[in-house]
Undergrad: 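Supplied in structure tokens, the structure appears directly below.
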Amino acid sequence: MSTTLTSQTARAPRYLSPFRAAQEEMEKLWSQLTGDSPESGRMIRFNPTVDLTETPTTLELRMDAPGMKPENFDVQLSNGILTLSGERKQESETSDKTYHRIERHYGSFSRSLALPTAVMEDKVDAKYRDGVLTVTLHKTEESKSRKIQVKPA
């Protein structure tokens, strides 16, 4: 039996989509292992993603955390380890709503990152805007890049 792929493949019956069947099976196994499922009332843990970049004078961490407020974050720096924690709270449920799907993640999180270079622990700036937490860490003088001029011998 030969199958021709067309623009209707997305609506193909399940037997024509082995990848979707495998995905559903993995989701079912994960739910059984962790207990995280809409039916259980538990949601998958909220774990915001981060980017860490470096310039000659700073390190900058950006964390996607939409739907939060600045006071929901705790930023700590100790011995070269930056720890970001907080909580995104779920909207209060009301009895006049029927939920058909809940996919947004809520709850507490904590992320600890070892910094790749020494920073000044007393010079850290944290700002939250448009759903992104930005933490700027200023490097120590010893850890800043220096250009070394090469002289003729």
Undergrad: Hey, could you give me the CG/CG distance between Leu133 and Asn72, rounded to the nearest 0.5 Å?
TA: 11.0 Å
Undergrad: Could you grab the distance from atom OG1 of Thr53 to atom CG of Leu59, nearest 0.5 Å is fine?
TA: 8.0 Å
Undergrad: Taking the side chain as everything from C-beta on, heavy atoms only, tell me whether Pro48 gets closer than 4.5 Å to Asp64.
TA: no
Undergrad: Atom NZ in Lys127, atom OG1 in Thr134: separation rounded to 0.5 Å?
TA: 8.5 Å
Undergrad: Can you give me the closest heavy-atom contact between Thr55 and Lys139, atom names plus distance?
TA: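 Looking at all heavy atoms of both residues, the shortest contact is O-NZ, 2.9 Å.
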Undergrad: With side-chain hydrogen bond (donor to acceptor under 3.5 Å, both in side chains) as the test, pick out the partner of His138 among Asp122, Thr57, Asp125.
TA: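 Of Asp122, Thr57, Asp125, side-chain hydrogen bond (donor to acceptor under 3.5 Å, both in side chains) with His138 is met by Asp125 alone.
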Undergrad: Donor-acceptor check, side chain of Glu121 to backbone of Asn79, threshold 3.5 angstrom: yes or no?
TA: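 Side chain of Glu121 to backbone of Asn79, a donor-acceptor pair under 3.5 Å: yes, one is there.
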Undergrad: Calculate, to the nearest 0.5 Å, the distance between atoms CG and CG belonging to Leu84 and Leu61 respectively.
TA: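 Spacing of CG (Leu84) from CG (Leu61) equals 5.5 Å.
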Undergrad: Considering only heavy atoms from C-beta outward, does the side chain of Val50 approach that of Leu52 to under 4.5 Å?
TA: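 They are not in side-chain contact.
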Undergrad: Would you say the side chain of Arg88 lies within less than 4.5 Å of the side chain of Pro66, judging by non-hydrogen atoms?
TA: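 When only atoms from C-beta onward are counted, Arg88 and Pro66 do touch, with a gap below 4.5 Å.
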Undergrad: As an exercise, state the distance from CG of Leu113 to CE of Met63, rounded to the nearest 0.5 Å.
TA: 7.5 Å
Undergrad: Do the rings of Phe73 and Tyr128 sit parallel, tilted or perpendicular, given the 30° and 60° boundaries?
TA: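 Correct class here is tilted.
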Undergrad: What are the two closest heavy atoms between Phe109 and Met68, and how far apart are they?
TA: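 Minimum heavy-atom separation between Phe109 and Met68: CE2-CE, 3.8 Å.
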Undergrad: Could you measure the distance from the CG atom of Asn47 to the CZ atom of Arg111? Nearest 0.5 Å is fine.
TA: 5.0 Å
